[in-house]
Amino acid sequence: MASLRAVLFGLVLTATYLPGDGGIHGQLLKNNGFQGDNPGLAAYKAVGDTSLSQDTSNPLSSAITSSLKVSAPSNATGSVGFANTGYAGVPVLATQYTNSFWMKGKYSGTVTLRLVGTSSGNVYASHDITVASTDSKFTYYNTSFTSQASPDGNNEWQLLFDGSKVAGSSLNFALVQLFPPTFRSRPNGLRNDVASFVEALKPSFLRFPGGNNLYDSLAHGDKRIGPVQDRPGRQGDWSYPNTDALGLDEYFYWCEDMAMEPVLAVWAGLSLNGGGIVSGSALDPYVDDILNELEYVLGDQSTAGGRLRANNGRVDPWPVKYVEVGNEDNLSGGCSSYALRFTQIYDAIHATYPDLTIIASTTEASCLPSSLPEGVVTDMHHYLEPDQFVASFNEWDNWPRTHPILVGEYASTNNNDGSQVYWSYVQGSCSEAVYMIGMERNSDIVKMASFAPLMEHFDLAEWSPDLMGLDSSPESITGSTSYYVQKMFSTNRGSTILPVESSEGFGPLYWVASASDSAYFVKLANYGESTQTVTINVDGTTSGTLQMLSGPAEASNRPHAMSVTTQTTSVSGDGTYTVTMPAWAVAVLAVS
Ligand code: AHR
């Protein structure tokens, strides 16, 4: 077997609590725009003698249709205001924060911004700014300050003012925003610490948005772009609002900053949660929206879309080559109409952008057009038990070579008895490695693969296991055992898959070999309870490294309780290496 270009391991930000807002996106305060379905005063608290209400009569903009009304009683004195408790707490680190808010109502004087321990009352940062607010319009304030570190995540951000100046009256605040340092210092950017942990995976591509949290632009107005005060956000397909501060351009900057290929997913008419199917002529306006979106992304300055993008700060078109039509349209009642919906969208895109590679959201022939246009990629999703992944090792060996494959979501989510896994554990991650070896052996057809979901907030997750997680406490960013397997496989990628002569058949040991211009890689997985000793010959090589992840079958990582990571040792020899694979182990030998 020799095929050009090994499978590209990438990312998908499927939306299960909370990969974007409260996850990789840098903004730390929750419910800052009262977006989504009936958020009420979630995450807000009065500080001192004030009362809070959601005020729809004082909208910030046509998109941010509520503000926070902070009322002070007629006998108010001292420092009063409100707090925001973030996404299950505010991460308070020894670092610099940028902080902004909009304010309306008569007030001249000092406003104090603080980061405070919610239970302890410890003040980690306190920063005064002088404001001159009027009741005729909202005024924007933006500042930065340095904080000390909190020992835990039980923190809140506070905005305080002189109660005596507002006694018997009220002030309105809107779109409060708090950012720690952002990745590549981008405004409205990603959390630097979280994004750096993701970047260490050296991902090749990012599919966005969703999973199934696709953006249905007509129903919501195409408002993921431009200033955040013009983005209305939306209730996502999961049970929480999306602010869309991590919007279309932000996803593309993320791709650019990590050298990832963007895979842009567009809504194809399938709504979850009883929303039904939009098809036929009813889908036409949504198809127009897709074309508008593509003009925004790809258009030059002669197009309205391209000019709008430039107006939003990005002159050069975004380098999109892949567009996925829908997500899992084989499920949720979508199969019978997908062939027509896919064709309608494919034809429209292909007529204007013939060079784009279009991805169908399923591999199931019964859901696809009977003759799928040449070059269309099909997307397979697998959430399986460990033994099922191992049984799928050869899934691609005899797959028809007619259409390339994206394995757009996969993870070992259940134990072998079918029970739900809380977080990835060694045996499950080892089974994923076996499956990945099967994909890599078939790199002529399996072109891209992404574990899913990418990340969760430990205190808020709706879906586990995820590749990585975090909470609001310091040093909480944690890689699952699967994170380390993905990292090993992704960072040791050849460009050509090589034939391997072996004295044994596959199981419990599995392997694949590849070569780059400068090194040979042998990936191994031992999906079994006994040690396997392997002698590997790679002619012409003398030294390199052996990376290995192993542990008890059930061992798992948790924040502040990491038990399994990759160990790296040096190897040398005259082209022959003896590798001892303990039970439940994944390894990569990289030699030159
Ligand atoms: O990855 C979690 C969810 O699983 C995705 O949103 C969806 O595509 C799949 O059903």
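Remember, it's 1-based here, ligands and their atoms both numbered in the order they're listed.
For the residue pair T362 / H381, no side-chain donor-acceptor distance below 3.5 Å is found, with atom types taken as modelled.
Applying the salt bridge (charged side-chain N to carboxylate O under 4.0 Å, His left out) rule to R191 yields the partners D193; only residues at least two apart in sequence or on another chain are considered. Taking the side-chain contact (heavy atoms from CB on, under 4.5 Å) definition, one finds that T413 meets it with Y383, A411, W463, P465, sequence neighbours left out.
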Checking ring-ring contact (aromatic ring centres under 6.0 Å, His included) for the pair Y296/W318: CA distance, chi angles, key distance, verdict?
CA-CA 9 Å; Y296 179 86; W318 293 113; 8.8 Å; no
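Contacts of N327 with ligand 1, taken as heavy-atom pairs under 4.0 Å, involve the side chain alone.
The shortest N or O to N or O distance between E328 and ligand 1 is below 3.5 Å. At under 3.5 Å, not a single nitrogen or oxygen of H381, backbone or side chain, sits near a nitrogen or oxygen of ligand 1. Of the N or O atoms in E409, one or more lie within a sub-3.5 Å distance of an N or O in ligand 1.
Interface atoms of ligand 1 facing G211, defined by a heavy-atom separation under 4.0 Å, are 5 (C), 6 (O), 8 (O). Each of the atoms 1 (O), 2 (C), 4 (O) of ligand 1 lies under 4.0 Å from some heavy atom of Y383.
Counting only distance, with no hydrogens or angles, the side chain of S431 and the backbone of F389 share no donor-acceptor pair below 3.5 Å.
In this structure, P453 is part of the shell of residues with a heavy atom less than 4.0 angstrom from ligand 1.
Only one option out of W254, Y215, F252 pairs with F208 in a ring-ring contact (aromatic ring centres under 6.0 Å, His included); it is F252.
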